[in-house]
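The residues of the chain are indexed from 1 along the displayed sequence.
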Amino acid sequence: MDNDTMPPDENFELLIKIIVTIVVALIMTIVLIAKWRKKKFIGQTILLTGLSDAGKTLIHSRLVHSKFVDTYTSVKENIGEMIINNKNLRIVALPGDERLRYEFFDKYKLAAKAIIFVIDSVTFQKNIRDVAEYLYNLLSDIDEVRGLPILILCNKQDQTMAKGSSVIKSLLEKEMNLLKLTKPNQLETMDASFKNTLLGKHSKDFQFHQLNSKVSFAESSAFIKDSETPPHLTALQEWLESVA
């Protein structure tokens with residue numbers, strides 16, 4: 001037998017070691033890239049949130065891919081990137097389902113540069129309590145610690161039954177004021193350690209301008225299938241340019 005020739009078993013063991021080394025190196029590379037990308041987008045993430053069926057997924061597709069897509073109720077986040085003012089921003093659309101929305105918001109809130117809260121302007125009157133409560137909880141979570149630019153985007157303005165942004169703002173402020181008066185007491189009853197903090201001014205009815213976060217309102221309509229007719233997202237795009 002040639003002394004330079006390795007036995008088959010040793011050849012096989014050497015091959016396994018080489019494969020394992022390559023696999024481990026690839027896994028480490030993927031992990032490092034993932035960590036780098038995550039760190040890269042801290043403070044450069046725009047969150048799209050709101051109740052289910054408000055139009056978040058379609059708006060996300062319009063912003064990231066510039067196209068119309070048929071949508072369905074999301075059970076996970078949609079993540080994409082876009083360049084605004086020569087800056088690379090990550091756009092994350094969060095699920096609106098009541099069982100998922102807070103879990104995903106908690107996951108991304110520390111990376112958020114700004115928040116877009118999407119409202120279905122057609123069903124707003126019917127869902128005003130749910131809309132106001134979700135918005136109140138988000139604002140309570142972030143406003144005292146770190147004020148963020150927030151756009152309340154009144155979507156589906158192409159439909160005849162849609163309410164305008166000024167009407168939605170007025171109705172939201174009234175509903176948020178009711179929550180301001182009742183919610184702390186409800187939480188204090190459930191948790192004796194709860195601190196009685198309020199959104200806005202203690203002695204005045206709630207208004208958005210009282211917050212640390214700068215809250216803006218705009219209108220949009222993303223549901224336009226005709227490829228030659230652009231969606232009405234001008235106000236949204238201008239707001240994104242202002243916060244990028």
Quick check: does any side chain N or O of [X] sit under 3.5 Å from a backbone N or O of [Y], one acting as donor and the other as acceptor?
| X | Y | result |
| --- | --- | --- |
| Asn155 | Ala54 | yes |
| Ser61 | Leu58 | no |
| His60 | Leu48 | no |
| Ser170 | Ser166 | no |
| Glu77 | Val92 | no |
| Ser220 | His232 | no |
| Asp97 | Arg99 | yes |
| Lys156 | Ile119 | no |

Task: Working for side-chain contact (heavy atoms from CB on, under 4.5 Å), residues Leu240 and Ile116 - done: CA-CA 10 Å; Leu240 285 169; Ile116 303 168; 4.2 Å; yes
Task: Gap separating the CG atom of Leu139 from the NZ atom of Lys180, nearest 0.5 angstrom - done: 13.0 Å
Task: Reference residue Ile115; test side-chain contact (heavy atoms from CB on, under 4.5 Å); the match among Leu151, Ile142, Ile152, Val215 - done: Ile142
Residue pair [X] / [Y], side-chain heavy-atom distance below 4.5 Å:
| X | Y | answer |
| --- | --- | --- |
| Leu135 | Met176 | yes |
| Trp239 | Pro149 | yes |
| Arg101 | Leu94 | no |
| Glu133 | Leu179 | yes |
| Leu138 | Ile150 | no |

Open item on the list: Are there over 12 heavy-atom neighbours, none belonging to Lys163, within less than 6.0 Å of that residue's NZ?
Closed with: no
TODO: Decide if atom CD of Gln159 counts as having more than 12 heavy atoms of other residues, nucleotides or ligands within a radius under 6.0 Å.
DONE: yes
TODO: Carefully, step by step, assess Leu236 and Leu63 under the rule side-chain contact (heavy atoms from CB on, under 4.5 Å).
DONE: CA-CA 10 Å; Leu236 169 58; Leu63 291 175; 4.0 Å; yes
Task: Phe208 and Phe206 aromatic centres sub-6.0 Å - done: yes
TODO: Return the orientation label for the Tyr134 and Phe117 ring planes: parallel under 30°, perpendicular over 60°, tilted otherwise.
DONE: tilted
TODO: In sequence, state the C-alpha distance, the side-chain angles, and the governing distance for Phe124 and Leu171, and then conclude on side-chain contact (heavy atoms from CB on, under 4.5 Å).
DONE: CA-CA 10 Å; Phe124 171 72; Leu171 293 174; 3.9 Å; yes
- [ ] Would you mind listing the cluster partners of Val122? Hydrophobic ones only (ILVMFWY), side-chain contacts under 4.5 Å, chaining allowed.
- [x] Met161
